[in-house]
There are 2 protein chains.
Amino acid sequence: MATERSTPPTLLDLSTYLLSRVGKTARGLLAERLAERGLRLWDMAVLAALADFGPHAQRDLVVRLGVDPSDMAKAVDQLAAAGYVDRARDTVDRRRVSVSLTPAGRAVLADLDAEARTVQAKVLAPLDTKERQLLQGLLLRVHEGLAGADGENDGQGGQDGQDGAQIS
Amino acid sequence: MATERSTPPTLLDLSTYLLSRVGKTARGLLAERLAERGLRLWDMAVLAALADFGPHAQRDLVVRLGVDPSDMAKAVDQLAAAGYVDRARDTVDRRRVSVSLTPAGRAVLADLDAEARTVQAKVLAPLDTKERQLLQGLLLRVHEGLAGADGENDGQGGQDGQDGAQIS
DNA sequence: ACCTATAGTGGGTGCCAACCCACTAATTTT
DNA sequence: AAAATTAGTGGGTTGGCACCCACTATAGGT
């Protein structure tokens, strides 16, 4: 029988395609794990930001992660409900809400990180250690490039422009 | 002022994250271009499949690309309306609809391919030619690994399982 | 012919990401 | 102290993807 599941070479030849395809799979697998804990991908991003940079005003999280303030509010809300972060009004500027990681939050993050690495191992299975590092390095540079050159937000009519620095 | 847009190192250290992030950007940029022509990412996949493997019964496209038959119907419908593919009932088995690329379709595909390469150039800007090839090779292997290892459609309980070979 | 299986379609669902606006509360400016 | 600005929220919209079911038309087996 002819038609097995095979991707058209035209596509396979496009790094863009591979990137997008593999990326999506990776994202999907990870998201699946996170979902088991009732979290989404960028709840993890928030936790990571707090862990790496310490407590943030919610506003700063918004800036750092490039999400809509309104969405951030929802995310933080959820994380607070789960006990992973604390929300406290800033004493000096009482408009601000200072968000900080709880021990539970730190623990979950470690957990998620472990999960991520498991997924990673699965996804990158065909590569040996050296190659993985190579890939990591290349991706990192590409990522940095994107962050910098993101420049021309031509704001085309599109209703779902994905400029920002979204995670999920 | 402190908080500039910087991604938490915890995340940057995860290839999974980079993959997903960069992949998403790539996808986004490409999708944006396609959208200008009223196409979506996997309209392109359909065109590519037809170009690479010749006319397909719609059913075979479904198998090859791993999409829902119903969704394929819609996609083909749209492509046909745009004049990029021809739909003809198979003379031997009149249940089947044979889908083939029109010259217009072929032209658009070439066009899209060019667009994709433009996007690619932008995304991979930080890398030199050799590195791009390296990346391409690594991704290709990872992709193959995923295709193979995904093995059985385990039909996990998940509500949005992303098994298949989806493009978009 | 009858029954079952297969190809394609149409309609509709749930989920999630990304946005946007209107509103409150607190703060800074004048 | 009024006006303007900024932080956070709540509510709701849009669009895409993946999925599923019911239905028609055609084939094939017996």
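Here is the naming used below: chain letters follow the sequence lines, and residue numbers restart at 1 for every chain. Only heavy atoms go into these numbers, but all of them, side chains included; no hydrogens, no water, no symmetry mates.
One interatomic measurement links the two molecules: CG of B:Asp93 to P of D:dG29, which rounds to 12 Å at whole-angstrom precision. Atom CG in A:Asp77 sits about 6 Å away from atom P in D:dG10, given to the nearest Å. Computed from coordinates, the A:Gln58 CD to C:dT24 C1' distance equals 15 Å when rounded to whole Å. When rounded to the nearest whole Å, the span between CE of B:Met72 and P of C:dT9 equals 11 Å. Atom CZ in A:Arg59 sits about 15 Å away from atom C1' in C:dT27, given to the nearest Å. Per the geometry, CD belonging to B:Gln78 stands 13 Å off P belonging to C:dG10, to the nearest Å. Here the C1' atom of nucleotide D:dG10 and the CG atom of A:Asp68 are 12 Å apart, to the nearest Å. Look at CG on A:Leu39: it is 12 Å from P on C:dA17, rounded to the nearest Å.
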Practice task
Dump the intermediate steps for side chain to side chain contact (heavy atoms under 4.5 Å, CB included) on B:Leu124 and A:Ser15, then the final yes or no.
Solution key: CA-CA 9 Å; B:Leu124 303 186; A:Ser15 299; 4.0 Å; yes

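In this structure, of D:dA18, C:dA7, C:dA18, it is C:dA18 that holds the atom nearest to the side chain of A:Trp42.
The side chain of A:Arg40 contributes an N or O atom lying less than 4.0 Å from OP1 or OP2 of C:dA17. Within the structure, every side-chain polar atom (N or O) of A:Arg95 is placed at least 4.0 Å from both OP1 and OP2 of C:dT27. Proximity of A:Arg94 to the phosphate of C:dT28: no side-chain N or O atom is located under 4.0 Å from OP1 or OP2. Checking the phosphate oxygens (OP1, OP2) of D:dA18, a side-chain nitrogen or oxygen of A:Lys24 falls inside 4.0 Å.
Between B:Asp71 and B:Lys74 there is a salt bridge, since at least one side-chain N of the basic residue sits less than 4.0 Å from a carboxylate O of the acidic one. Of the charged side-chain nitrogens involved, none lies within less than 4.0 Å of a carboxylate oxygen, so that A:Arg37 and A:Asp43 do not count as a salt-bridged pair. A salt bridge links B:Asp13 with A:Arg117: the closest approach of a Lys/Arg side-chain nitrogen to an acidic carboxylate oxygen falls below 4.0 angstrom.
You'll find a donor-acceptor pair under 3.5 Å spanning the side chain of B:Lys74 and the base of C:dG11, going by distance alone. Looking at B:Ser70, its side chain comes within 3.5 Å of the base of C:dG10 through a donor and an acceptor atom. Judged by distance alone, with hydrogens and angles left aside, B:Asp71 brings no side-chain donor or acceptor close enough to the base of D:dC17 to form a pair under 3.5 Å.
Here the closest heavy-atom approach between residue B:Pro55 and residue B:Ser98 is recorded as CB-OG, 4.2 Å.
Comparing A:Val92 and B:Val97 against DNA chain C, the residue whose closest nucleotide sits nearer the 5' end is B:Val97.
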